[in-house]
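First up is the structure itself, then whatever we jot down about it.
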2 protein chains.
Amino acid sequence: MPSAKRAVPAVRVLPEPPDLPAPLPEPAAADLRLETVFGALSDPLRLFIVRRLLLESEEFDHPCGWFGLDRPKSSLTHHFKALREAGLIRQRQYGLERRSHVRVADLDARFPGLLDLVTAWTPPA
Amino acid sequence: MPSAKRAVPAVRVLPEPPDLPAPLPEPAAADLRLETVFGALSDPLRLFIVRRLLLESEEFDHPCGWFGLDRPKSSLTHHFKALREAGLIRQRQYGLERRSHVRVADLDARFPGLLDLVTAWTPPA
DNA sequence: CATGCAGTACGATTGGAGTCGTACAAACAA
DNA sequence: TTGTTTGTACGACTCCAATCGTACTGCATG
């Protein structure tokens, strides 16, 4: 049984309006690799980002400024790109902002239980 | 529900004979970190080792020669040490051999579902 | 004791990842 | 048009992990 929060998907998938900006380049669901996903999640900052998206995203995607991370912008670009290229998040460009959400359906299908581990994670002391 | 193979623990825990060699230094169960475990499993060779231990271990631990890995011994030492220090395997010295098994109970308690992901993994083409 | 075997220790090398400053591009608002 | 905002691109630096050769230790067996 998924956690209570996970019961509500972070992003609606079925009734997706067709006028969304195209996602940035990302691996297809069938090409997701467990070792690559593990590698992307071995960084505490990226684990924090994915967990926060899972726990606090309601129906909206979020730009990377939303996280309030105390890092230079060029560092954040690096980490969001790493997450996207590993297949963990999808990013779309909305005007100035590049908004992200977790690829919940793809990840649950390929790696059942993985996102529950991320949700249950707590940052180091 | 765990996979069929996982239903039989790789190593008996309860009726453990008290005359076993002491385990090599390893993190306590309470100190296991998800990001560290993910890091250890982001290497395909280590993923292969853990999966093989989960799938093919019956009641015995295995020395690293058992895997038939085509790597120099010094490389294998490196990877088994990485797995042990991340808390994924326990190693005991039996005469010449240093035998390993997965810390199934500890990992299932701290990260439920993780080992099922490893079991379901398939090496890259 | 002498030999052989499992595995370690150490060191060198290599490549890649994390970090960040600076300069720049694109979109929007006044 | 000019300025502001969001984020990228590029490059430099540092550090760590992966790889492996060589020498060594410790145990076992004849």
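By convention in this document, chain letters (A, B, ...) are assigned in the order of the sequence lines, proteins followed by strands, and residues within each chain are numbered from 1. Below, all heavy atoms of this structure are taken into account, side chains as well, without hydrogens, waters or symmetry copies.
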For nucleotides 22-27 of chain C, list the nitrogen or oxygen atoms of the protein found under 3.5 Å from its nitrogen or oxygen atoms, one pair per line.
none

Original post:
For the pair made of CZ in A:Phe48 and C1' in C:dG18, what is the distance, rounded to whole Å?
Top reply: 18 Å

**OP:** Would you list the pairs meeting ring-ring contact (aromatic ring centres under 6.0 Å, His included) in which at least one residue belongs to residues 103-123 of chain B, sequence neighbours left out?
**Re:** none

Original post:
Linking I/L/V/M/F/W/Y whenever their side-chain heavy atoms sit closer than 4.5 Å, directly or via other members, would B:Ile89 and B:Leu24 fall into one cluster?
Top reply: no

Original post:
In whole angstroms, how far is the P atom of D:dA9 from the CG atom of A:Leu76?
Top reply: 15 Å

**OP:** Would you kindly give the CD-to-P distance between B:Gln93 and C:dT8, to the nearest whole Å?
**Re:** 7 Å

Original post:
According to the side chain to side chain donor-acceptor pair (under 3.5 Å) rule, which pairs have a member within residues 38-49 of chain A, sequence neighbours left out?
Top reply: A:Arg46-A:His79

**OP:** Using whole Å, report how far NZ of B:Lys81 lies from C1' of D:dC20.
**Re:** 16 Å

Original post:
For A:Gln93, which residues count as a side-chain hydrogen bond (donor to acceptor under 3.5 Å, both in side chains) partner, sequence neighbours excluded?
Top reply: A:Arg98

Original post:
Of all residues at least two apart in sequence or in a different chain, which pass the side-chain hydrogen bond (donor to acceptor under 3.5 Å, both in side chains) check with A:Gln91?
Top reply: A:Arg84, A:Ser100

Subject >> Spacing of A:Phe80 atom CZ relative to D:dG7 atom P, expressed in whole Å >> reply: 8 Å

**OP:** Calculate the interatomic distance between B:Gln91 atom CD and C:dA6 atom P; express it in whole Å.
**Re:** 16 Å

**OP:** With sequence neighbours excluded, tell me which residues meet ring pair (Phe, Tyr, Trp, His ring centres under 6.0 Å) with B:Phe48.
**Re:** none

Original post:
Can you list every ring-ring contact (aromatic ring centres under 6.0 Å, His included) pair that touches residues 27-46 of chain A, not counting sequence neighbours?
Top reply: A:Phe38-B:Phe38

Original post:
What pairs meet the salt bridge (charged side-chain N to carboxylate O under 4.0 Å, His left out) rule with one or both residues in residues 73-82 of chain B, with sequence neighbours excluded?
Top reply: none

Original post:
Which string of ( ) [ ] | and . matches DNA chain D, if you list each base 5' to 3' and count Watson-Crick or G-U pairs only when both distances are under 3.5 Å?
Top reply: ||||||||||||||||||||||||||||||

Original post:
With A:Arg52, which residues qualify under salt bridge (Lys or Arg N to Asp or Glu O under 4.0 Å), at least two apart?
Top reply: A:Glu56

**OP:** Among D:dG7, D:dC20, C:dG7, find the nucleotide with the atom closest to the side chain of B:Arg98.
**Re:** C:dG7

Pairs: protein N or O with nucleotides 12-18 of chain D N or O, under 3.5 Å:
unit_1	atom_1	unit_2	atom_2	d
D:dA18	OP1	B:Arg46	NH1	3.3
D:dA18	OP1	B:Arg46	NH2	2.6
D:dA18	OP2	B:Arg46	NH1	3.3
D:dA18	OP2	B:His78	NE2	3.0

Subject >> Side chain to side chain, A:Leu54 and A:Val104, heavy atoms closer than 4.5 Å >> reply: yes

Subject >> A:Phe67 CZ - D:dT6 P separation (whole Å) >> reply: 15 Å

Original post:
Quick one: is D:dT19 close enough that its OP1 or OP2 comes under 4.0 Å of any side-chain N or O from B:Ser75?
Top reply: no

Subject >> Listed partners of B:Arg33 passing salt bridge (Lys or Arg N to Asp or Glu O under 4.0 Å), at least two apart >> reply: B:Glu35

Subject >> Length of the CG-P vector between B:Leu45 and D:dC20, whole Å >> reply: 10 Å

